[in-house]
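What follows is one structure encoded as structure tokens, with my remarks underneath.
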Amino acid sequence: EEELRDMFAELCGAGVRAGAGHIMLETFMDVRMMEIAAQEAVKTGAEVICSMTFGKRGRTPMGDTVKKIVDTLSPLGIAAIGLNCSTDPVGSLAVIREFKELTSLPLYFKPNAGMSDTYDAVQFADEIEPALDFVSYIGACCGSDASYIAELRRRITDK
């Protein structure tokens, strides 16, 4: 734990000294490791966004539930919470909805677009469009490219 603390303090501190105002902690599988990283990141004074990755059962690969994640990270003074990568857009949408029910923190949502031609930009945006009504940050992770972000931007602009 001490080694992890030192590592995250060094990394986060270097970023803030270089001018970063936000720290993005992304694709964590274990809430305890995220907790350590977030504690060190918050100490820098930067806004911290915490993003976990989830499997098909709606839990992280280490078995952490959304409730455990919210209960562990919310008291730390982070700026936003959510998920990235993870399962397909449908499974990810179910998880981010669970976050919505359990926290008032701003939500970060950057689901996986699937492997090689699973979802094109329009199909991807169709699947996650309901999240536009309640997330604060949205994007696309693995399997996406600039066209996915452009499609999401178009839909946000149209709302």
Side-chain angles (χ1 to χ4, degrees), residues 1-115 118 124 128 130-146 148-149 152-153 156:
E1 184 176 315
E2 185 177 322
E3 187 176 339
L4 279 176
R5 284 191 186 286
D6 291 346
M7 180 187 75
F8 287 121
E10 179 181 348
L11 290 170
C12 295
V16 170
R17 285 189 301 279
H22 292 78
I23 296 173
M24 180 72 232
L25 301 172
E26 190 177 71
T27 324
F28 278 64
M29 296 182 224
D30 177 42
V31 73
R32 180 65 182 130
M33 185 178 285
M34 175 64 89
E35 180 182 28
I36 293 166
Q39 287 169 339
E40 296 307 314
V42 167
K43 288 178 186 177
T44 68
E47 289 197 354
V48 178
I49 299 172
C50 295
S51 181
M52 304 291 293
T53 188
F54 289 81
K56 291 182 178 180
R57 297 178 303 124
R59 292 174 178 248
T60 70
M62 298 302 289
D64 298 315
T65 64
V66 173
K67 180 169 180 12
K68 181 176 181 180
I69 292 163
V70 168
D71 290 348
T72 301
L73 302 178
S74 294
L76 302 180
I78 62 174
I81 195 169
L83 70 92
N84 72 291
C85 206
S86 301
T87 66
D88 60 46
V90 175
S92 294
L93 184 61
V95 172
I96 201 67
R97 282 184 167 137
E98 191 173 349
F99 272 104
K100 178 182 177 278
E101 296 302 316
L102 295 172
T103 185
S104 60
L105 281 169
L107 299 178
Y108 177 87
F109 187 47
K110 192 173 135 186
N112 192 330
M115 299 308 223
T118 306
F124 174 80
I128 68 166
L132 294 178
D133 292 334
F134 61 89
V135 300
S136 298
Y137 305 92
I138 195 162
C141 204
C142 301
S144 69
D145 59 31
Y148 290 72
I149 304 306
L152 288 172
R153 183 172 191 249
I156 291 167

- Message: Using modelled atom types and a 3.5 Å cut-off, is there a donor and acceptor pairing between side-chain atoms of T53 and backbone atoms of F28?
- Response: no
- Atom of V66, atom of G58 and distance for their closest heavy-atom approach: CG2-O, 4.5 Å
- Task: Tell me, with the steps shown, if V31 and T60 meet side chain to side chain contact (heavy atoms under 4.5 Å, CB included).
- Result: CA-CA 8 Å; V31 73; T60 70; over 6 Å; no
- Task: Would you give the length of the straight line joining atom CE of M24 to atom SG of C50, rounded to the nearest 0.5 angstrom?
- Result: 7.5 Å
- Query: Does a side-chain heavy-atom distance below 4.5 Å link F109 with S92?
  - Reply: yes
- Rounded to the nearest 0.5 Å, what's the gap from CG on L102 to OG on S74? Could you check? 9.0 Å
- Message: Quick check: closest heavy atoms across C12 and I23, and the distance to 0.1 Å?
- Response: CB-CD1, 3.6 Å
- Query: Does atom CZ of R57 have more than 12 heavy-atom neighbours from other groups under 6.0 Å away?
  - Reply: no
- Task: Please report the shortest heavy-atom distance between I138 and A131, naming the atom on each side.
- Result: CD1-CB, 4.5 Å
- Message: Quick check on side-chain contact (heavy atoms from CB on, under 4.5 Å): which of E98, M52, R59, M34 does I69 satisfy it with?
- Response: M52
- Nearest atoms (heavy-atom pairs only) where C85 meets C142: SG-SG, 3.4 Å
- Any donor-acceptor pair under 3.5 Å from T103 side chain to F99 backbone: no
- Message: With a sphere of 6.0 Å drawn around CZ of R5, does it hold more than 12 non-hydrogen atoms of other residues, nucleotides or ligands?
- Response: yes
- Item | Residue pair E35 / Q39, side-chain heavy-atom distance below 4.5 Å | yes
- Message: Which heavy atom of A37 sits nearest to which heavy atom of L25, and what is that distance?
- Response: C-CD1, 3.7 Å
- Query: Which word best sums up how the rings of Y108 and Y137 line up, parallel for under 30°, tilted for 30 to 60°, or perpendicular for over 60°?
  - Reply: tilted
- Evaluate the side-chain proximity of T87 to N112: yes if any heavy-atom separation is below 4.5 Å, no if none is. no
- Item | Polar side-chain atom of N84 near backbone of K110 as donor-acceptor pair, under 3.5 Å | no
- Check whether any side-chain heavy atom of M7 lies under 4.5 Å from a side-chain heavy atom of E10, and answer yes or no. no
- Atom pair OG1 (T72) and NZ (K67), whose distance is rounded to the nearest 0.5 Å: 9.5 Å
- Only one of L73, I78, L76 passes side-chain contact (heavy atoms from CB on, under 4.5 Å) with V48, and that residue is I78
- Side-chain heavy-atom pair S136, L107 within 4.5 angstrom cut-off: no
- Can any side-chain N or O of T44 pair as donor or acceptor with the backbone N or O of A41 at less than 3.5 Å? yes
- List the atom of I36, the atom of E1, and the distance in Å for their closest heavy-atom pair. CD1-CG, 3.6 Å
- Taking the side chain as every heavy atom from C-beta outward, state whether P130 and L93 have any pair of such atoms under 4.5 Å apart. yes
- Classify the ring geometry between F124 and Y148 as parallel (under 30°), tilted (30 to 60°) or perpendicular (over 60°). perpendicular
